[in-house]
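Take a look at the structure set out below.
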Amino acid sequence: MLFAFSIAPAGGDTGTDSVGDVVAEAVRVVRESGLPNETTSMFTTIEAETWDEGMDVVKRAVEAVQAHAPRVSLVLKADIRPGHTGQLTAKVERVEAALEKG
């Protein structure tokens, strides 16, 4: 199962429009989880074997941001496909292969 999510602090006054330091706390939780993951400019994607395993990491990442902000925004998208692993990279590889065919 793939879980793509974006977590951002809201509210409070940090004196800057950058939220990178706080978002880094969420990414730290993801990386320490040991699950396959990828962080891009707008989303972090993790691959988990079960719904509970993936949602636990998302919850802990939200809590990490919540420790620094009075309000948190979460955007979540999931590809729930039991029995399939390695999809974090395989899905992209299939698209790249199709592009190479022309």
Side-chain angles (χ1 to χ4, degrees):
M1 298 178 172
L2 296 176
F3 298 86
F5 57 97
S6 174
I7 303 170
D13 183 18
T14 62
T16 178
D17 63 353
S18 176
V19 297
D21 289 343
V22 177
V23 171
E25 294 302 316
V27 174
R28 185 180 327 279
V29 168
V30 168
R31 292 186 180 171
E32 289 175 353
S33 75
L35 295 177
N37 66 85
E38 176 184 58
T39 298
T40 64
S41 61
M42 295 187 62
F43 283 90
T44 293
T45 304
I46 58 174
E47 184 165 10
E49 289 190 26
T50 67
W51 177 264
D52 289 340
E53 180 182 45
M55 290 305 292
D56 177 63
V57 174
V58 172
K59 179 182 178 192
R60 289 187 291 117
V62 167
E63 291 170 344
V65 171
Q66 199 169 30
H68 300 279
R71 188 174 185 181
V72 178
S73 171
L74 169 66
V75 176
L76 174 67
K77 181 177 182 179
D79 182 358
I80 303 162
R81 194 174 181 197
H84 290 78
T85 59
Q87 296 304 298
L88 187 66
T89 55
K91 289 176 84 166
V92 176
E93 289 167 359
R94 287 191 295 272
V95 170
E96 291 296 336
L99 288 169
E100 288 178 10
K101 290 180 189 176

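Since the structure is predicted, the reported quantities are computational estimates derived from the model, not experimental observations.
- In this view, Arg94 satisfies the salt bridge (charged side-chain N to carboxylate O under 4.0 Å, His left out) rule with no residue, not counting sequence neighbours.
- If you take CD1 on Ile7 and CD on Gln66, they are separated by 10.0 Å, rounding to the nearest 0.5 Å.
- With a 4.5 Å cut-off on side-chain heavy atoms, Val23 and Pro9 count as touching.
- Here the closest non-hydrogen pair linking Val65 and Ala8 is CG1-C, 4.2 Å.
- In this structure, Asp79 places its CG atom where more than 12 heavy-atom neighbours from other residues, nucleotides or ligands lie under 6.0 Å away.
- In this structure a side-chain-to-backbone donor-acceptor pair under 3.5 Å is present from Gln87 to Thr85.
- Note: the hydrophobic cluster containing Val30 also contains Val22 (ILVMFWY, side chain heavy atoms under 4.5 Å, direct or indirect links).
- Under a hydrophobic clustering in which Ile, Leu, Val, Met, Phe, Trp and Tyr are joined whenever their side-chain heavy atoms come within less than 4.5 Å, directly or via other members, Val29 and Leu76 fall into different clusters.
- When all heavy atoms are compared, the tightest approach of Ala10 to Ala69 is O-CB, 4.0 Å.
- Proximity of a side-chain donor or acceptor of Glu47 to a complementary backbone N or O of Leu88 within less than 3.5 Å is detected.
- Using a cut-off of 4.0 Å between Lys/Arg side-chain N and Asp/Glu carboxylate O, Arg60 and Glu63 are scored as not salt-bridged.
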(request) Just do the side-chain contact (heavy atoms from CB on, under 4.5 Å) check on Glu53 and Thr50 with the steps written out, would you? (result) CA-CA 5 Å; Glu53 180 182 45; Thr50 67; 3.2 Å; yes
(request) Let me see the working for Glu32 and Arg28 under side-chain contact (heavy atoms from CB on, under 4.5 Å), right down to the final yes or no. (result) CA-CA 6 Å; Glu32 289 175 353; Arg28 185 180 327 279; 3.5 Å; yes
(request) Test Thr45 against Phe3 for side-chain contact (heavy atoms from CB on, under 4.5 Å), laying out the working first. (result) CA-CA 5 Å; Thr45 304; Phe3 298 86; over 6 Å; no
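- Linking ILVMFWY residues whenever their side-chain heavy atoms come closer than 4.5 Å, directly or via other members, leaves Leu2 and Trp51 in distinct clusters.
- Residues Met1 and Glu49 have side chains not in contact (no heavy-atom distance under 4.5 Å, counting atoms from C-beta outward).
- Through ILVMFWY side-chain contacts below 4.5 Å, Val92 is grouped with nothing and stands alone.
- Among the candidates Val75, Val62, Ile46, the single residue satisfying the side-chain contact (heavy atoms from CB on, under 4.5 Å) test with Phe5 is Ile46.
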Using a 3.5 Å cut-off and no angle test, enumerate the donor-acceptor pairs between side-chain atoms of residues 35-42 and protein atoms at least two apart in sequence or in another chain.
unit_1 : atom_1 : unit_2 : atom_2 : d
Asn37  : ND2    : Leu35  : O      : 2.9
Thr39  : OG1    : Thr44  : OG1    : 3.2
Thr40  : OG1    : Phe43  : N      : 3.3
Thr40  : OG1    : Phe43  : O      : 3.1

